[in-house]
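Quick note: numbers below take in every heavy atom, side chains included, and nothing from hydrogens, waters or symmetry partners. Remember, it's 1-based here, ligands and their atoms both numbered in the order they're listed. Each residue takes its place number in the sequence, starting with 1.
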Amino acid sequence: MKRRVDTTCPYCGVGCGVSALVHDQQVIAVEGSARHPANRGRLCVKGSALHETLDPQARLLQPSVRGETVDWSTAINEVATGLRQVIKEHGPDSVAFYVSGQLLTEDYYVANKLMKGFIGSSNIDTNSRLCMSSAVAAQKRAFGSDTVPAHYDDLELADLLVLTGSNAAWTHPVLFQRMMAARTAAQEAGAPDKRMVVIDPRRTATAESADLHLAIRPGTDAVLFNGLLVWLHQRGITNAAYIKRHTQGFAETLATAQQTAGSVAAVAQACAVPVQDIVQFYEWAAETPNMVTFYSMGINQSTSGVDKAQSIINVHLATGRIGKPGAAPFSITGQPNAMGGREVGGLANQLAAHMNWDNPDDINRVERFWRAPNMAREAGLNATDLFSAVGEGRIKAIWIMATNPVVSMPDADRVRAALAQCDLVIVSDCMQHTDTLDMAHIRLPATGWSEKDGTVTNSERRISRQRALVKPLGEAQHDWWIITQVAHAMGFGASFPYQQPVDIFREHAQLSAYENNATRDFDLSLYADISTAEYDAMAPMQWPITAKAPMGTARLFGDGQFFTPEGKARLFPIVPRRPVAEANPEQSHFVLNTGRLRDQWHTMTRTGLAERLDQHAPEPRVSVHPDDAEALGVSPDGWLNLATLGDQPTGELKARVVLSTTQRRGELFMPIHWTHQNSRHGRVGALIPTAIDPISGQPELKHAVVQARVWQPQQQGMLWCRQPLPNPPWDTWLMRTVGGITVYQFAAERALALDAPLETWLRDEWPYGELLQRFDDATNGMTRVLWGQGNRIEALVWFGPTMPQPDIAWVANCLQADTISAPDRRDLLAGRSGGQEDAGPTVCSCHQVGEYRIRHAIQHEGLTTVAALGKALKCGTQCGSCIPDLQRLISTSVESVKSD
Ligand SMILES: Nc1nc2c(c(=O)[nH]1)N[C@H]1C(S)=C(S)[C@@H](COP(=O)(O)OP(=O)(O)OC[C@H]3O[C@@H](n4cnc5c(=O)[nH]c(N)nc54)[C@H](O)[C@@H]3O)O[C@H]1N2
Ligand SMILES: Nc1nc2c(c(=O)[nH]1)N[C@H]1C(S)=C(S)[C@@H](COP(=O)(O)OP(=O)(O)OC[C@H]3O[C@@H](n4cnc5c(=O)[nH]c(N)nc54)[C@H](O)[C@@H]3O)O[C@H]1N2
Ligand code: SF4
Ligand SMILES: [Mo]
């Protein structure tokens with residue numbers, strides 16, 4: 001029987017409600033839940049492909065210890081004994097947990113409790129250190145609490161949206177669509193303009209849709225916002241009454257802003273943006289009280305992330321633009337449960353339930369509530385220090401859950417080396433192949449989305465249920481269960497009596513309410529006695545959720561009351577600081593910026609399984625400004641070798657370039673998603689040195705300086721085969737799956753001759769059947785070779801001095817067939833694509849519409865609006881994530897027609 005179940009998307013912090021259609025033990029379709037207030041029926045392309053990422057083959061299904069499959073009781077016992085042994089010999093601070101904003105709140109709560117109250121160390125940190133910790137520190141400093149005051153509706157109510165350091169069109173797509181729809185509706189209603197300003201060194205898809213884009217020099221946000229404060233004050237827009245009644249520190253803050261960003265000319269120069277653009281931004285800000293500043297990783301991932309966030313908050317406090325409909329500073333969370341992690345205290349410098357290490361009463365309160373025998377007393381190591389401690393042997397056992405630090409940490413090779421020499425590495429993951437699992441002594445199979453059951457909190461403080469849709473596959477177990485079992489085996493059973501997620505949620509709610517009396521923002525007292533039935537039926541709601549606010553709380557700070565001892569918010573003087581390293585194009589030293597692609601999630605363990613998500617950007621290209629490419633002497637499809645600077649360069653990466661005028665000169669951009677599982681030299685984290693914000697400990701992931709050199713491979717090519725190679729022989733390669741066929745794209749510094757050793761190698765290492773046919777194309781130096789048996793093709797390799805440009809899907813299709821037709825075989829050898837039209841790189845993943853097809857429609861069929869294209873080709877009509885791309889194609893194609 002088919003069932004519909006309401007759950008939540010496990011990807012970004014928008015936290016969309018998903019309505020899943022389940023048949024037996026299969027999720028057969030998903031759609032946006034119309035009832036969920038975050039998305040009201042919408043889903044982006046990643047969310048709408050969720051059911052395509054549940055491949056059982058890719059899952060980790062059994063526990064193992066040092067390579068041997070074991071049962072759960074053995075695995076739990078190994079973990080518990082291992083941890084106990086290390087603690088006995090070296091003390092509690094010699095163990096660490098590294099957890100994740102992708103755990104559910106219940107998982108997270110138990111991990112935090114076990115570490116801080118029972119093991120007796122606070123060496124538990126989370127990947128949110130890389131993501132949110134600057135925003136957390138700034139909010140605590142300014143508000144006295146880590147509070148996001150806003151509601152998503154504020155994004156629609158705002159008349160001026162300022163997006164800084166955010167590529168929301170790709171990273172928070174459903175919110176971005178809500179913003180766009182509100183702007184269109186206002187225009188259609190003839191209402192005064194709703195405007196959007198985007199601040200980002202790159203002209204992203206988000207910036208393309210903005211009314212004004214400020215392509216600032218990286219790291220200069222604080223100058224821009226200090227300048228805005230000065231401008232608003234000069235024009236009498238700062239709110240003297242609000243400042244007096246509800247804030248402190250204004251005079252010093254203003255004075256510092258005047259010294260560091262006193263004139264528009266100075267700001268324009270520091271940010272490298274035309275004066276008139278700065279003036280335009282400031283004028284709009286002056287005339288629009290309904291202003292939301294929405295900020296993300298371009299602010300947080302910086303050595304001055306806390307200060308950059310504070311400079312934004314200063315402007316909102318000085319104008320009283322906070323806690324009101326359509327007015328707020330809005331730090332947006334990345335991961336689905338980054339906010340839930342903050343609630344439980346998942347960062348090493350947080351305690352629990354928004355209580356703090358610097359308050360002895362808080363420590364005592366949590367100790368009493370947990371009846372903790374070994375309460376930790378102070379903050380533990382943040383992520384970068386924690387992995388250093390592993391490398392130095394001070395931490396001897398580490399348990400990593402739901403994160404992939406060998407890819408996502410800065411100095412990623414150093415993280416791998418640290419784990420390689422650690423005595424005990426325990427990894428819980430739901431997938432089978434990750435770079436971090438490769439380093440594990442004990443591998444624990446966790447349940448994943450569709451099996452997990454619990455709660456998550458999105459960017460607007462809204463707690464939603466993520467529900468189990470199907471039974472766990474194989475031996476997979478819930479993270480909370482695994483941690484609870486280990487707690488039992490370590491002798492703490494009485495304090496971990498949980499049978500089901502609601503037992504944990506109830507305790508979490510009780511702790512939030514414990515001796516709270518409105519002294520702490522995070523309060524779920526209404527749920528302190530929640531029953532299983534109520535938990536199962538729980539509707540999405542924003543905290544605080546109390547007897548006074550039984551339907552939750554849309555906004556905080558509307559009354560001007562803050563959680564500092566004085567009850568007043570703190571403005572804080574900000575002296576802008578530059579990023580730690582500088583580019584020097586003359587020496588080919590470039591600033592490397594890193595971030596996300598539209599259709600992939602982080603290290604691709606899940607989105608990498610849905611073929612249609614792979615098509616928008618199948619290759620990790622490095623974006624280079626055309627003038628820089630010319631200066632470097634790299635051709636449009638050529639390769640760059642990027643290396644970290646310093647006496648002992650560690651990280652290195654080879655990637656093909658994509659020329660892009662959306663890129664500032666002197667800067668490069670690389671996506672973060674590729675790993676050792678699907679590439680050689682694709683892990684960008686290996687290039688990022690560890691430089692952290694002194695307050696938050698968040699690494700500067702957006703700004704590394706690298707040496708770029710042209711790399712000239714002698715041989716480049718592609719290999720299609722039915723199964724992955726055990727040991728690819730090339731200097732650099734990428735692997736993906738197309739139509740069930742494995743496709744390698746490779747390049748080699750020195751040509752591997754086909755006859756030897758490549759052919760021998762292929763014959764010895766992989767049984768492709770016999771070499772059927774070979775064609776050497778004298779005109780372009782390309783060689784194509786078919787292997788197989790009779791009319792069944794097992795493999796095709798196509799290589800030469802340049803990278804072939806085939807219709808990859810068509811070739812894969814030929815291989816998939818049991819027998820190949822004679823014409824297709826001829827075409828394969830000749831490098832033609834079966835007479836089929838090549839649709840070009842996929843733009844619309846939902847409806848599989850390619851760029852060439854769209855350009856043709858724009859240029860030759862007169863379809864020059866998004867609506868017209870949607871009507872004819874269906875592109876952009878489902879999730880809408882590609883609409884900015886369609887707009888770009890329309891504007892560039894129309895221009896090229898005009899200039900033809
Ligand atoms: N498709 C997709 N969506 C995701 C994710 C994903 O993996 N894939 N991950 C989720 C997670 S965990 C997160 S944290 C969010 C991140 O969401 P975003 O922060 O929107 O994404 P990023 O691409 O990391 O970076 C945003 C922008 O910051 C800009 N930037 C770099 N330096 C500066 C600077 O100095 N100042 C300013 N103003 N901008 C700068 C970059 O050019 C980039 O365009 O996305 C979430 N959503
Ligand atoms: N250079 C650079 N580096 C970055 C960033 C950047 O912008 N630039 N961004 C940083 C940011 S903001 C983030 S959030 C991180 C993200 O980086 P990671 O957290 O390392 O990336 P993910 O691929 O999301 O890793 C999640 C892992 O958990 C597994 N998993 C999924 N669900 C579950 C579950 O329920 N239980 C368990 N046990 N496992 C599960 C997945 O299979 C996957 O292996 O990357 C950071 N690193
Ligand atoms: S915007 Fe997309 S990825 Fe984010 S929660 Fe919604 S559907 Fe999931
Ligand atoms: Mo993140």
Side-chain angles (χ1 to χ4, degrees), residues 8-18 30 32 36 38-39 42-50 58-60 98-104 107 126-132 168 170-177 296-298 300-301 333-338 383 400-410 412 427-437 444-449 451-452 454 456 458-459 466 476-479 482 592-596 600-608 670-673 675 677 683-688 698-704 879 881:
T8 331
C9 175
Y11 297 126
C12 84
V14 177
C16 294
V18 172
V30 292
H36 200 288
N39 55 317
R42 293 180 171 94
L43 286 184
C44 80
V45 61
K46 293 182 298 301
S48 59
L50 268 168
R59 290 286 302 278
L60 181 66
Y98 184 59
V99 300
S100 160
Q102 293 170 70
L103 289 171
L104 303 183
D107 305 324
T126 145
N127 62 359
S128 286
R129 180 71 58 193
L130 316 177
C131 182
M132 299 307 313
W170 284 8
T171 55
H172 295 96
V174 164
L175 288 185
F176 188 72
Q177 286 171 37
S296 183
M297 294 310 122
N300 297 346
Q301 289 174 340
T333 52
Q335 297 179 90
N337 199 29
I400 298 166
M401 306 174 202
T403 177
N404 197 357
V406 171
V407 183
S408 55
M409 282 285 292
V427 177
S428 304
D429 205 289
C430 51
M431 308 314 284
Q432 196 180 0
H433 298 292
T434 79
D435 291 7
T436 302
L437 271 173
L444 303 174
T447 50
W449 182 86
E451 299 161 349
K452 291 186 74 112
V456 289
N458 74 3
S459 294
Q466 199 181 101
Q477 289 283 1
H478 303 312
D479 289 289
I482 303 172
L592 176 68
N593 179 0
T594 59
R596 284 145 179 88
Q600 292 296 349
W601 179 260
H602 297 164
T603 70
M604 288 201 215
T605 63
R606 289 170 290 163
T607 45
M670 274 294 293
I672 60 173
H673 307 288
T675 71
Q677 308 301 312
R683 238 169 10 115
V684 79
L687 287 180
I688 318 273
Q698 179 153 358
E700 187 148 77
L701 297 165
K702 291 282 180 269
H703 194 105
C879 81
S881 300

I'd like to check [X] versus [Y] (side-chain heavy atoms, cut-off strictly below 4.5 Å). Are they in contact?
X: Ile688; Y: Pro699; result: no
X: Ile400; Y: Pro405; result: yes
X: Asn404; Y: Asp435; result: yes
X: Pro445; Y: Arg59; result: no
X: Arg596; Y: His602; result: yes
X: Met604; Y: Thr675; result: no
X: Met670; Y: Leu592; result: yes
X: Val456; Y: Leu104; result: yes

Please determine whether any non-hydrogen atom of Thr447 lies less than 4.0 Å from an atom of ligand 2.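 Checking ligand 2 against Thr447, which is what was asked, there is a heavy-atom contact under 4.0 Å.
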
Answer yes or no for Met409: is there a heavy-atom contact with ligand 2 below 4.0 Å?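 No, Met409 has no heavy atom closer than 4.0 Å to ligand 2.
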
Per-atom contacts, ligand 3 versus [X] - under 4.0 Å to a heavy atom:
X: Cys9; answer: 3 (S), 5 (S), 7 (S), 8 (Fe)
X: Cys16; answer: 1 (S), 5 (S), 6 (Fe), 7 (S)
X: Leu43; answer: 7 (S)
X: Tyr11; answer: 3 (S)
X: Gly15; answer: 5 (S)
X: Pro173; answer: 1 (S)

2.8 Å cut-off met by an N, O or S atom of Cys44 to atom 2 (Fe) of ligand 3: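 Yes, Cys44 qualifies, because one of its backbone or side-chain N, O or S atoms lies under 2.8 Å.
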
Atom 44 (O) of ligand 2: which of Asn404, Thr126, Asp429, Asn300 has the nearest heavy atom?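 Nearest option to atom 44 (O) of ligand 2, by heavy atoms: Asp429.
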
Nearest 0.5 Å please: distance from the CG atom of Asn593 over to the CD atom of Gln301. 9.5 Å

Distance, nearest 0.5 Å, that separates NE2 of His36 from CZ of Arg42: 14.0 Å

If you measure every N/O of Asp479 against every N/O of ligand 2, is any gap under 3.5 Å?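 Looking only at distances, the answer is yes, because the N/O contact criterion of under 3.5 Å is met.
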
Looking at ligand 2, does any of its N/O atoms fall within less than 3.5 Å of an N/O of Gln301? yes

Pull out every atom of ligand 2 sitting under 4.0 Å from any heavy atom of [X], numbered as shown with elements.
X: Ile672; answer: 1 (N), 2 (C), 6 (C), 8 (N)
X: Met431; answer: 42 (O)
X: Gln335; answer: 14 (S)
X: Thr605; answer: 41 (C), 42 (O), 43 (C), 44 (O)
X: Trp601; answer: 24 (O)
X: Ser428; answer: 37 (C), 38 (N), 39 (N)
X: Thr434; answer: 44 (O)
X: Thr603; answer: 21 (O), 22 (P), 23 (O)

To the nearest 0.1 Å, how far is [atom] from its closest protein heavy atom, and which atom is that?
atom: atom 4 (Fe) of ligand 3; value: Cys12 SG, 2.3 Å
atom: atom 30 (N) of ligand 2; value: Cys430 SG, 3.5 Å
atom: atom 11 (C) of ligand 2; value: Arg596 NH2, 3.3 Å
atom: atom 24 (O) of ligand 2; value: Gln102 NE2, 2.7 Å
atom: atom 7 (O) of ligand 2; value: Lys702 NZ, 3.0 Å
atom: atom 26 (C) of ligand 2; value: Ala402 O, 3.4 Å
atom: atom 8 (N) of ligand 2; value: Thr594 OG1, 2.9 Å
atom: atom 47 (N) of ligand 2; value: Ser408 O, 2.8 Å
atom: atom 16 (C) of ligand 2; value: His602 ND1, 3.3 Å

Give a yes or no on whether the backbone of [Y] and the side-chain of [X] come within a donor-acceptor separation of less than 3.5 Å.
X: Trp601; Y: Cys12; result: no
X: Ser428; Y: Ala446; result: no
X: His172; Y: Thr333; result: yes
X: Thr171; Y: Gly334; result: no
X: Asn337; Y: Leu103; result: yes

Just to be sure I read this right, does ligand 2 sit under 4.0 Å from the backbone of Leu130, its side chain, both, or neither, counting only heavy atoms? both

Mode of Thr403 contact toward ligand 2 - side chain, backbone, both, neither (heavy atoms, under 4.0 Å): both

Could you verify whether a donor N or O on one side chain and an acceptor N or O on the other, from Gln600 and Thr607, lie under 3.5 Å apart?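 Yes, because at least one side-chain N or O of Gln600 sits under 3.5 Å from a partner of the opposite role on Thr607.
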
For Asp107, run the side chain to side chain donor-acceptor pair (under 3.5 Å) check against Lys452, Gln102, His478 and tell me which one passes. Lys452

